[in-house]
Amino acid sequence: MADTVEKVSTTEASSSSAEAPIPAEKTESTTEKTKWGDVEDDDEEEANAVSELNSLSIKEESVLDEPEDSSIKAVTSGETPYTSASRFEDLNLSPELMKGLYVEMKFEKPSKIQAISLPMIITPPHKHLIAQAHNGSGKTTCFVLGMLSRVDPNLREPQALCICPTRELAIQNMEVLQKMGKFTGITAKLAVPESNHGVTSARRAHVCAQVVIGTPGTLKKWISFKKLGLNHLKILVFDEADHMLATDGFRDDSLRIMKDIERVNPSYQVLLFSATFNETVKDFVQRTVKDPNQLFVKREDLKLDSVKQYKVVCPKEQNKIEVIKDQIMELGDIGQTIIFVKTKVSAGKVHKALADMGYDVTSVHGNMEQEDRDKIVKEFKDCLTQVLIATDVLARGFDQQRVNLVVNYNLPTKHDTGEPDYEVYLHRVGRAGRFGRKGAVFNLLLDDRREIEVMEMIERYFEAHVKEIKSWNSEEEYKSALKEAGLLDE
DNA sequence: AGACCTG
């Protein structure tokens, strides 16, 4: 079985290309900087990832043409041959959509994941796709472009649906869609909770927007109240798909919506995108989604090499606050910082502790009023605030290119077992160093055997070197760490 | 615990 998987590695596949794609160099020859197609842009130095696909449920494999060395291994299903799209021109998109890509998004050519996945998404028979790719490699563009390209502009009915784990992510994806689809005339609707004075579901008008992006609860509600018709839906996207299909995530809601659509339109297409798919979830989705094309990356190749990781052992909880205060707040300009905490209560506590000392920080978590959440996040995106304290509501997908530093005030662990949550760790780290920028992560640990062990397990899992800051209150050590990470001069 | 309008 391993042999057949080896055969479809994208690097090998290039030699057997029937119709050679135009080399990528041709499109970038005059530009010093290559723009990739996404808001959460590029880690183009990320290389060497190899798939750890198991060949389960793959009946046939066809050759994939891939002109470059690829960090992504693909297995295609069925007999459809796919040619990697080295240019957006290869995709037969409408002129209006092309204009959106070039004029609005200012893209020049597809990123690696886009070049491979877009033909799979767009080419009939529109097979399902499970796609894993690095943080900031351009996943959003893949599914937004996929949705836009498959919508019939003349049919005023919902045809594409995107489900996201958080309000913030739905909003962010909607912003990308509207920008990219600006010239297409395609209509879109956000399905997220509204502040209480909104219309009740029973009175709400039918959704006739062609693309709907939202969160599970609101979508479920609109569907059950018959306000969102599924009859014309042809493409369903799960952003952060591993979390959307995890037992401790949104599995029940996701499966319910999938079945509702399948009932009225069995030939609909499902796209699953995430930077992470642990073995449990991967196994589940491979059993759930029938006959999909698949793209996977090996876990140790997922970490961002542009982000340096550090750990510091603090004798007491209060010392963590002091580290933030003395070593981070007092630093001056190192760009924006997100401090991740485990609970909403600790978000409040850390916020108050720092605010009481006179520091200008903000915080977000799921218990806040929707409008306050929107306001805090917008302020941060507009760079009006420098330090944001957040629960894992922002761990995934949140794209703010000026975040250079991530602080793990608490390490991410599984709720039930206390085991490290490797996926959340990777997603948090992925908030820093976006757009290929330098970044750093400080992990603040208590002097506790279990905590130190969790950190070590994370290091082993990603085969990452997390350098220890030996004295928790040594200014010099933090400074040299930040210099090493490229965030501080001298 | 966190995220999600759970009725």
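Side chains are part of it too, since the values below use all heavy atoms of this structure and drop only hydrogens, waters and symmetry mates. All chains are named by letter (A, B, ...) in the order of the sequence lines, taking the proteins before the strands, and each is independently numbered beginning at 1.
Between K342(A) and Q370(A), it is K342(A) whose nearest contact on DNA chain B lies nearer the 5' terminus.
Residue contacts shown for H365(A) are limited to sugar-phosphate atoms, with no base heavy atom under 4.0 Å away. Note on K344(A): only backbone sugar-phosphate atoms sit closer than 4.0 angstrom, heavy atoms only; bases stay farther off. Within the 4.0 angstrom heavy-atom criterion, no nucleotide atom of any strand lies near R396(A). Nucleic acid contact for D248(A): base, since at least one base atom lies under 4.0 Å from a heavy atom of the residue. R373(A) comes within contact range of the sugar-phosphate backbone alone, with a heavy-atom separation under 4.0 Å but no base atom that close.
Of the residues in residues 211-221 of chain A, those lying under 4.0 Å from DNA chain B by heavy-atom distance are T215(A), G217(A), T218(A), K220(A), K221(A).
Side-chain atoms of T166(A) and E240(A), non-hydrogen and from C-beta on, never get closer than 4.5 Å to each other.
Taking 4.0 angstrom as the limit, T166(A) places none of its side-chain polar atoms (N or O) nearer than this to OP1 or OP2 of dC4(B).
Between L394(A) atom CG and dA3(B) atom P there is a gap of 10 Å when expressed in whole angstrom units. The interatomic distance linking D242(A) (CG) with dA3(B) (C1') rounds to 13 Å, in whole Å. If you take CZ of R428(A) and C1' of dA3(B), they are 13 Å apart, rounded to a whole angstrom. For the pair L411(A) CG and dA1(B) C1', the computed distance is 15 Å after rounding to whole Å. Between the P atom of dG2(B) and the CG atom of N367(A) lies a distance of 8 Å, rounded to the nearest Å. One interatomic measurement links the two molecules: CD1 of I257(A) to P of dT6(B), which rounds to 11 Å at whole-angstrom precision. Between the P atom of dT6(B) and the CH2 atom of W222(A) lies a distance of 13 Å, rounded to the nearest Å. The separation between L255(A) atom CG and dC4(B) atom P is 19 Å, rounded to whole Å.
For the residue pair N135(A)/R431(A), the side-chain donor-acceptor check at 3.5 Å is satisfied. A donor atom on one side chain and an acceptor atom on the other are not found under 3.5 Å apart for Y478(A) and D326(A). There is no side-chain donor-acceptor pair under 3.5 Å between D252(A) and S254(A).
When every heavy atom of A464(A) is checked against every heavy atom of Q309(A), the shortest pair comes out as CB-NE2, 3.7 Å.
Y422(A) meets the side chain to side chain donor-acceptor pair (under 3.5 Å) test with no other residue; sequence neighbours excluded. Partners of K349(A) under the salt bridge (charged side-chain N to carboxylate O under 4.0 Å, His left out) rule, at least two apart in sequence or in another chain, do not exist in this structure.
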